[in-house]
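Note that the numbering runs from 1 along the sequence shown for the chain.
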Amino acid sequence: QVQLVESGGGLVQAGGSLRLSCAASGRAFSTYAVGWFRQAPGKEREFVAHIRASGGATYYADSVKGRFTISRDTAKNTVYLQMNSLKPEDTAVYYCAAKTGYYYDARPSTYDYWGQGTQVTVSS
């Protein structure tokens, strides 16, 4: 069992930055791959970024590539999402999620554990 808690959301102006954290408790978190997803009002939950259990390979949605960076600190059981050059269209609730398995997957249904989400609002 893995419990995930997101933090770091808030209100920021367009062009600004935020760093989201996903703190995990539970057994063997380092063996789980982690994804960040987001959901805007009236829209489906969408993939943002993914990092493998090993912390090596990372994957990004085209809409955030070059602006967002996912990383993990195994010693702290925490995964981060650094978000730069934020745009109003990045406004959403951001969720982190953990999954078993080695391969990258952008489908929310393949993730086993989810956090409660943190709100990110980007003003124009």
Give a yes or no on whether the backbone of [Y] and the side-chain of [X] come within a donor-acceptor separation of less than 3.5 Å.
| X | Y | answer |
| --- | --- | --- |
| R72 | R52 | yes |
| E6 | C96 | yes |
| Y94 | Q39 | no |
| Y111 | D105 | yes |
| T91 | V122 | yes |

Inset, instruction - Verify whether the ring centers belonging to W36 and F68 lie closer than 6.0 Å. - result: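 No - the distance between ring centres of W36 and F68 does not fall below the 6.0 Å cut-off.
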
Where [X] and [Y] come nearest, the two heavy atoms and their spacing:
| X | Y | result |
| --- | --- | --- |
| L4 | C22 | CD2-SG, 4.0 Å |
| N84 | S17 | OD1-OG, 2.9 Å |
| A40 | A92 | N-CB, 3.8 Å |
| A49 | Y60 | CB-CD2, 3.7 Å |
| A14 | S124 | CB-CA, 4.4 Å |
| S30 | T74 | CB-CG2, 3.7 Å |

Between [X] and [Y], is there shared hydrophobic-cluster membership here, with clusters defined by ILVMFWY side-chain heavy atoms closer than 4.5 Å?
| X | Y | answer |
| --- | --- | --- |
| V93 | W114 | yes |
| M83 | F37 | no |
| V120 | Y95 | no |

Inset, instruction - Might you confirm whether atom NZ of K65 has over 12 heavy atoms from other residues, nucleotides or ligands at distances under 6.0 Å? - result: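 Yes - once you tally the heavy atoms of other residues, nucleotides and ligands closer than 6.0 Å, there are more than 12.
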
Legend entry - Working for side chain to side chain contact (heavy atoms under 4.5 Å, CB included), residues R38 and R45: CA-CA 6 Å; R38 66 188 182 187; R45 192 166 297 189; over 6 Å; no

Legend entry - Lys/Arg cation over aromatic Y80: R19, 6.0 Å, 45° cone: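 Positive - R19 is close enough to the ring of Y80 and near enough to its axis.
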
Legend entry - Candidate pair K99 and Y113, rule side chain to side chain contact (heavy atoms under 4.5 Å, CB included), full reasoning: CA-CA 7 Å; K99 67 185 294 292; Y113 304 102; over 6 Å; no

Inset, instruction - Can you measure from OG1 (T69) to CG (L81) and round to the nearest 0.5 angstrom? - result: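 Between atom OG1 of T69 and atom CG of L81 there are 8.0 Å.
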
Legend entry - CD on Q82 to CG on L18, rounded to 0.5 Å: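 So the gap between those two atoms works out to 8.5 Å.
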
Legend entry - F47 and H50 aromatic ring geometry - parallel, tilted or perpendicular at 30°/60° bounds: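 Because their plane-to-plane angle lies in the 30° to 60° range, the rings of H50 and F47 count as tilted.
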
Inset, instruction - Check the angle between the aromatic planes of Y104 and Y59 and answer parallel, tilted or perpendicular using the 30° and 60° thresholds. - result: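 Judged by the thresholds at 30° and 60°, the geometry between Y104 and Y59 is parallel.
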
Legend entry - T78 side chain to D73 side chain, donor-acceptor N/O pair below 3.5 angstrom: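 No - no donor-acceptor pair under 3.5 Å links their side chains.
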
Inset, instruction - Test side chain to side chain contact (heavy atoms under 4.5 Å, CB included) on T31 and F29 and set out the steps. - result: CA-CA 5 Å; T31 65; F29 179 63; over 6 Å; no

Inset, instruction - Could you pull out all residues at least two apart from S25 that satisfy side chain to side chain donor-acceptor pair (under 3.5 Å)? - result: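 Testing S25 for side chain to side chain donor-acceptor pair (under 3.5 Å), a comparison that skips the adjacent residues, returns Q3.
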
Legend entry - Derivation of the side chain to side chain contact (heavy atoms under 4.5 Å, CB included) call for T121 and V12: CA-CA 6 Å; T121 303; V12 64; over 6 Å; no

Inset, instruction - Flag the pair D90 and K87 as a salt bridge only when some basic side-chain nitrogen lies within less than 4.0 angstrom of an acidic carboxylate oxygen. - result: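 The answer is no: the pair does not qualify as a salt bridge.
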
